[in-house]
There are 2 protein chains.
Amino acid sequence: MPTISKENYLKSIYSLNLTYGESVSTSQVAMKLEITNAATSEMARKLAKQGYLHYEKYKGVELTEKGRKIALQIIRRHRLWEVFLIKVLGLSWSEVHDEAEKLEHNTSEELINKIDKHLNYPEFDPHGHPIPNEKGEIPQMPVLVSLLEATVGKNYKIFRVADESSELIEYLTKLNLFLYQDIKIIEKLSFDNSIIVQVNGTNHSLSEKVAEKVSVSILK
Amino acid sequence: MPTISKENYLKSIYSLNLTYGESVSTSQVAMKLEITNAATSEMARKLAKQGYLHYEKYKGVELTEKGRKIALQIIRRHRLWEVFLIKVLGLSWSEVHDEAEKLEHNTSEELINKIDKHLNYPEFDPHGHPIPNEKGEIPQMPVLVSLLEATVGKNYKIFRVADESSELIEYLTKLNLFLYQDIKIIEKLSFDNSIIVQVNGTNHSLSEKVAEKVSVSILK
DNA sequence: TTTCCAAGTTAAGCATGCCTAACATAAAAG
DNA sequence: CTTTTATGTTAGGCATGCTTAACTTGGAAA
Ligand SMILES: [Mn+2]
Ligand SMILES: [Mn+2]
Ligand SMILES: [Mn+2]
Ligand SMILES: [Mn+2]
């Protein structure tokens, strides 16, 4: 097992690679982790020697399969913890990231699998990011639309809320508009662009301002 | 905030003091933490300098109020995590200690308070140890008896199970004999020392072997 | 009382992971 | 092409927390 520090390097490299493609420069990593280039160069050498990545001086780093596997494991833990903290313990969206940043390094395989099961194997975290499964497989991102663009009469699943303010989240939670909740679009009122949605048999009206922040994926 | 290492020292010193009283020798701490005396002596000097304990060469250490406060905080986190992992996530009793040993150092005040609330402020952990509250106050230990010594017709709360094998725990769990569960003693059969207990209106028979391992506290 | 030994401490050294400062390189500007 | 500059690397140093080996110390045994 790599150290906490190394886990953070591997995770950062993985996500920088996703964002910018190709090989990742040591200074990109330094920036992301808020440490000096010097520290990153040094660590690149060590991680390469231990087989987690390929590193050629002045040419950046690229994860090996071994390194990618660790990165995905940490990302899995991070995202499952975020879902868990929000859905089970009621932490606010603004709090969970920092909390998960520490927990991700201190969670056994058994524990994270129990959490996964308890949450009924969610595929996406509260920010809409995919959660790798136990085997490291990444779920395909569904096509998302905002509630404003949803079609009357069809069923959708709530997927993401663009605004992380706890005010909006709490408002939606009171209406049972949880993350992953299935809903049906009942009506769209053209005079104010508000939308009537059905949740567990109950109808709620959402204003245009609220609806545009809720991303949903179509069901079936 | 002290480091993880320092938190573990303070916690160990606290519990050694509870067990053996008076000042704690550096080698007792070394034994408990499975490190050398040398490391402990050195750390004692540092912790004293930072005001967490009093230390006189060759005379052992004694926590200051500041050190005690940290120790109780870590113990609180450890025990709440243990309860949480068992009751909410269904980990086995044998797994939770090691897991909690890491989580206790990576849990914010806000998170542990949410966990506390979610569990409805338990006063004792699965081993029967008291859980300090948010203010660091330690609940009074109730008088415990084994189920074998319980009185017919009276109500009790399940407090502790002496055997940590998951087999026994799972058996009890199937009968709804959870930790903290209220039960009533219906009958004691003298020919085999088995006991009939009532849980949520349902009666169950427990053998002598099982009953002797279940500790309960009397209610009202 | 003196001696001896277990308990405890100090010294020196190592691994990790970071820093600053000095240096090297590649690529852009001239 | 050369020169400049931004990017990246190496060297040296420091804090933490551990080790082994050498040393004190205080109290029990003689
Ligand atoms: Mn996050
Ligand atoms: Mn992290
Ligand atoms: Mn424990
Ligand atoms: Mn610990």
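Every heavy atom of this structure was used, including side-chain atoms; hydrogens, water molecules and symmetry mates were not.
Going from atom CD of A:Glu7 over to atom P of C:dG17 covers 11 Å, rounded to whole Å. Protein atom CD of B:Glu56 is 14 Å distant from nucleotide atom C1' of C:dT9, rounded to whole Å. Atom CZ of A:Arg45 and atom P of C:dT16 are 12 Å apart (whole Å). Rounded to whole angstrom, the span from the CG atom of A:Leu47 across to the P atom of C:dT16 amounts to 12 Å.
Here ring pair (Phe, Tyr, Trp, His ring centres under 6.0 Å) pairs that include residues 104-123 of chain B, with residues two or more places apart or in two chains, are B:Phe84-B:His118. For the side-chain hydrogen bond (donor to acceptor under 3.5 Å, both in side chains) condition, the pairs that include at least one residue of residues 53-74 of chain A, sequence neighbours left out, are A:Gln73-A:Glu109.
Between the side chains of B:Ser15 and B:Lys32, a donor-acceptor pair is found at a separation under 3.5 Å. Side-chain N/O atoms of B:His129 and B:Glu82 include no donor and acceptor closer than 3.5 Å. With hydrogens and angles left out, the side-chain atoms of B:Ser5 and B:Thr3 include no donor and acceptor closer than 3.5 Å.
Counting any heavy atom pair closer than 4.0 Å across all strands shown, B:Thr26 reaches sugar-phosphate atoms only and no base atom.
For the contact set between residues 100-108 of chain A and DNA chain C, defined by any heavy atom under 4.0 Å, there are no members.
The aromatic ring centres of A:His78 and A:His97 sit less than 6.0 Å apart.
By the side-chain hydrogen bond (donor to acceptor under 3.5 Å, both in side chains) test, A:Asn113 pairs with A:Arg76, A:Glu134, sequence neighbours left out. Annotation: ring-ring contact (aromatic ring centres under 6.0 Å, His included) contacts of B:Phe124 (sequence neighbours excluded): B:Phe159.
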What does nucleotides 15-29 of chain D look like as a protein-contact string, B for base, S for sugar-phosphate only, - for none, at under 4.0 angstrom between heavy atoms?
--SBBB---BS----

